[in-house]
Amino acid sequence: MVAKEEVTISEAEAALYDRQIRLWGLEAQKRLRAARVLLIGLGGLGAEIAKNLTLSGIKSLTLLDHSIAVANSANFLIPLENVGKNVVEASLERVQRLNPMVDILTDTENVTAKNEDFFSGFDVVCATRLPVEESIRINAICRKHSIPFYSGDVFGFGGFFFVDLLEHEYSEEVNVPAATLKDGCTAKKNDPSETKTVKHTLNYIPLQAAFEADPSSQLNKRSWQRIKSHFITMKSLLMFRSQMKRDPEAANRQSDIAKLCEIRDHILHEMKLDNQMVDSGIFETVFGELSPAAAVVGGVLAQEIIKAVSHKDAPIRNHFFFNGATDFSGVVEAIGF
Amino acid sequence: MKHSNKNKRTSEIRSNATSGHPARQFSKLGKMADVNVAPSLLDDSIRKSKILVVGAGGIGCELLKNLVLSGFNDILVIDLDTIDVSNLNRQFLFQKEHVGKSKAVIARESALGFNPNVTIVAKHDSVMNSEYNVTFFKQFTVVMNALDNRAARSHVNRMCLAANVPLIESGTAGYLGQVTAIRKGLSECYDCNPKAGQKSFPGCTIRNTPSEPIHCIVWAKHLFNQLFGEADPDEDVSPDTADPEAAGDAGSVALQNQASEAGNVTRVSTRAWAQQSEYDPSKLFGKFFCDDIKYLLSMDKLWTKRTPPTPLSWDNIPEEISDQQGGLIKDQKVWSPAECVQAMVSSIKILYQRSKELNGEESFLVWDKDDEASMDFVTACSNLRSHVFSIPKKSRFDVKAMAGNIIPAIATTNAVIAGLIVFEAFKILEGKWEECRHVYLNSKPNALNKVIAPSSLDSANPKCYVCSPHPEVTVLLNVSQMTVQSFEDKVLRGALHMISPDVMVDDGKGTVLISSEEGETTENMSKSLSDFNISDGTRLRCEDFHQEYDLNITIIDREHLEENREFTVIADPSQLQPKAAVESSGPQPSTSSSKPAPSTRATESVEIDEDLDVIFQKGCANDDHQQEPSIRKRSISGQADIGSASKKLRLSENDIIEL
């Protein structure tokens, strides 16, 4: 949970954050100001999340990634002359420039070497590009320390993320119908209605439970129809990554598509579902990491982190899927409940 | 529906995999160096395309980044604005050291950092300049708007229609956003749906009987203009003796008394009067917060049902104990009357000094929410007025939002919308118009669990006043009072977004009312429309050569419009009530329609049903600022002749902002 220190906002911060304070309020900005976030994986999606969170005015952002920067990456934070360096070191300067008031820290170690103590120092952990087993391990550690956890990925034209906020309390403004005005006049259509603040609590489940769930039997028919393609694709991609120790790559396009189909069929078989249900056309669209897909998924994910830290407005529970090649929709579903 | 689209795409891919069709080589390997660019079916189109990005602000910065990273390499970005510190929370191509510089120029520089090999041309200019003609627009494969105001959107819409170039329109406000594609003949255009009228207040509310903080804020802005800016007769700040509510003997007596005391106050301009005392704050204070208030009090009919105002005395400003919470930003503290007076005094001093230093034609100041003295002045004066009228006072923070029409804005919404724009562009480049969508970004999942909800594009409105084959509108106004100048400025440019209109009266003689050529019709400007024999039912033929836009206007003469409006523009005149019944005595026969019967007031006012396709309503106040998108959570009513059932459903499911 975010440590609620008594933080004051300086005049400089008030000027910089003016347009967002007017949206989510000063309290939320103060809570952001105290948040220490760990971001694992700095590809295209990671870069978008890093940009969005840094701009929002969190206390610190730790970038953890052991990989080396390559050319034509969707990570726009890497100047061309830094290709060949470690990705977080290559990106550091541009991230810091986005907002000098945020502490940007880099760590080039492999995340698998990080133990419990490391994670316990953060208020939010967000993982990208990880094999699902590693995400599960980290989520379990976060749970133990009551730390909100996100894991997300972008593959080609689309992407997804999972969120675990344990037991999350938040407040939201709800509309109350406008009272009759004085002088006996009735309220006109466009009069602003009153709002009042209401508190809620949402319960989440661990990643392991969600990953092992079978939504085809847990969700109602309509919900399952809506997300089945998203869900099966996500599982296929994550299992591909675990098995092949890499993501689908253009150099092996045909064989990777075949492999993905094989994995998909296996998943469907395990779920006792009809083989023809999800066509393979979607696997044509999962290569690389398209900038607009990273922008969409990274934008939604970062805003969810902001919501969680500020305890303001209903967060997504517990999966988000986006596909820019098929239904052009950003869909939310609660899987594993 | 979605399922069949997917199958269609898949089967096309499969069947064309070996056919070598250039647009369908989905299975062909992308180039090794370009793993993050779309597969080569798109590659070529992207590489060959030329993109115009209109606006380098919140959406524009994100969009430029996406375009460069996606392989677009010929981009022109245009923006007239310079960078402000309040932009830096989201316009991430700019840093602190860039404040004051051109957005387009700096955006280009930063975007080149993502790929120095792309061609980006930056124009620090207004897209509405005549340089950007139809030929200019024709050079682009796709135009992408990243704007924040209706006038520019409407203008670019027309230019793209004229040039037959696809346009991707978008907008954001807070957590919400929208993207849509516009193509002549294939979809709705930007102007197919009338936008909600801009909020304006009747003059008497502003001048005589304010009841809300916004009335006082508008009054204070008008006061600024009267004292330091370009005086507008519609922005009078003194008591309105013509207020229909006030009619009575007491008022006219007071008027005479005041006139004899102060020497015919109403005839001297506010500015000239202030000059006489060299902007002495105590004199200004005395007039606006004491004498004028006393005058209003004498118009006793106004106060039979309202709390009367209390004049303030310069020598006896009330002190108030502040019971506000700590931890607030300085600007969020509400000023006491004494603090207001202090701020008023110091800001007047600064503003007066500034206006003295101006020379020549530019001898007026323009109100700017980001200018400290301008903002202090409005905060102080509006709160003093609020105090006088027992209206809750507002902090400078809140006054700034209301006076400056600030729309809260964050990085993430703009990032998502810019991503969605590029996806629409991909579909356009692939020639897959049928896959283009109107996409909504919702603040929470809608009924279909979607936070990003696409919806089919609507086809063009057959009666659209811009894109239909023979555009027509009807304008209600008073032909004896409306001058040609006003007609051009407020109706043609202001409401109808023309930029260089030519107008002919359809009287068989080809009378030229307005010519876009400089100097040709100057002598017409101060005359009233009736001087040209324009009367009820007269048609005007308007042309904007630059926008390649022809519009026929039918004039309907009305002595008075609702709420003292100067004019109303309507798309479909058949929805108006007949004028004839008004003058007869006795009860009116009820009509079979559900719309309200016409008013029986002798002043011939027309009841405009709120549900009409009203394109624009101009009031007497508050039109000097840019129109920002307004946020509405209800479905748009009353568009029976445009909307389909599915559209209404779509509108009610998603969070709507009006672009």
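So you know, we letter chains A, B, ... as the sequences are listed, proteins then strands, and number each from 1.
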Does any backbone or side-chain atom of [X] lie under 4.5 Å from a heavy atom of chain A? Answer side chain, backbone, both or neither.
{"X": "B:Leu448", "answer": "both"}
{"X": "B:Leu88", "answer": "both"}
{"X": "B:Phe94", "answer": "neither"}

Chain B contact via [X] - which portion, at a heavy-atom distance below 4.5 Å:
{"X": "A:Arg97", "result": "both"}
{"X": "A:Ala293", "result": "both"}
{"X": "A:Glu11", "result": "side chain"}
{"X": "A:Glu172", "result": "side chain"}
{"X": "A:Asp313", "result": "side chain"}
{"X": "A:Glu13", "result": "neither"}

Practice prompt. Report the relative orientation of the aromatic rings in B:His438 and B:Tyr440; use parallel for angles under 30°, tilted for 30 to 60°, perpendicular for over 60°.
Written response: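 Rings of B:His438 and B:Tyr440: parallel, under 30°.
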
query: What orientation do A:Phe160 and A:Phe321 show, parallel under 30°, tilted 30 to 60°, or perpendicular over 60°?
result: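 Tilted, since the angle between the ring planes falls between 30° and 60°.
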
Worksheet item: What do the steps show when you test A:Arg246 against A:Asp256 for salt bridge (Lys or Arg N to Asp or Glu O under 4.0 Å), and what is the final call?
Response: CA-CA 11 Å; A:Arg246 62 171 175 85; A:Asp256 282 357; 2.8 Å; yes

Exercise. Is there a donor-acceptor contact under 3.5 Å linking the side chains of B:Thr172 and B:Asn414?
Worked result: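 There is such a pair (donor and acceptor under 3.5 Å, judged by atom type) between the side chains of B:Thr172 and B:Asn414.
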
- Query: Quick one: does NZ or CZ of A:Arg22 land under 6.0 Å from the six-membered ring centre of B:Phe397, within 45 degrees of the ring axis?
  - Reply: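 Yes, a cation-pi geometry.
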
Checklist entry - For atom CD of A:Glu173, is the number of surrounding heavy atoms from other residues, nucleotides or ligands below 6.0 Å larger than 12? => result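 Atom CD in A:Glu173 is crowded, with more than 12 foreign heavy atoms closer than 6.0 Å.
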
